Amino acid sequence: DDLGSEYYIWRTSGGNIEGKILRAAGTQIVGVTTLVTGNVADQSIDIYERLGDLYIVYNNTSTGIQVVRSSDGGRTYS
């Protein structure tokens with residue numbers, strides 16, 4: 001984002017996507033949080049920013065490619 005925040009996401013062994021947000025200096029803004037619950041395939045996941053919104057793109061094991069969006073700086077996704 002414009003303030004230099006760093007967004008980290010990863011897939012857990014349980015098939016979830018978790019993430020955290022750090023300031024550019026490395027201090028934590030938001031701790032580890034589950035962003036997507038279940039059915040995340042063991043494949044590539046990506047996060048993108050566009051016009052201030054964040055988008056996570058992933059492959060759901062049941063429904064295929066999915067995109068979830070955050071309009072509150074990465075704190076919640078839907």
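The model shown is predicted, which means the values in this text are computed figures rather than measured ones.
Linking ILVMFWY side-chain heavy atoms closer than 4.5 Å, directly or via other members, places Val36 and Val57 in two distinct hydrophobic clusters. Val30 and Ile17 fall within a single hydrophobic cluster, where Ile, Leu, Val, Met, Phe, Trp and Tyr side chains are chained together by heavy-atom contacts under 4.5 Å. A chain of hydrophobic side-chain contacts below 4.5 Å, direct or via other Ile, Leu, Val, Met, Phe, Trp or Tyr residues, connects Val67 to Tyr48. Hydrophobic cluster membership is shared by Ile47 and Ile45, with clusters built from Ile, Leu, Val, Met, Phe, Trp and Tyr side chains linked at under 4.5 angstrom.
Taking OG1 from Thr12 and CG from Asp42, the interatomic distance works out to 10.0 Å, rounded to the nearest 0.5 Å.
For the residue pair Asn60 and Gln66, no side-chain donor N or O sits within less than 3.5 Å of a side-chain acceptor on the partner.
Side-chain atoms of Leu35 and Ile9, non-hydrogen and from C-beta on, do get closer than 4.5 Å to each other.
Of the possible donor and acceptor atoms, one in the side chain of Thr33 sits under 3.5 Å from a partner among the backbone N and O of Gly31.
The two residues Arg23 and Gln28 have their closest heavy-atom pair at NH1-O, 3.8 Å. Across all non-hydrogen atoms, the minimal contact from Val40 to Arg11 is O-NE, 2.8 Å. Leu54 and Glu49 get closest at one heavy-atom pair: CD2-CB, 3.8 Å. Listed here is the closest heavy atom pair of Leu22 and Gly26: CD2-O, 3.9 Å.
Pairs engaging residues 68-78 under the side chain to side chain donor-acceptor pair (under 3.5 Å) rule: Asp53-Arg69, Ser70-Asp72, Asp72-Thr76 [sequence neighbours left out].
With sequence neighbours excluded, no residue satisfies side-chain hydrogen bond (donor to acceptor under 3.5 Å, both in side chains) with Asn39.
Other residues sharing a hydrophobic cluster with Leu51 under the 4.5 Å side-chain heavy-atom criterion for ILVMFWY residues do not exist; the residue is a singleton.
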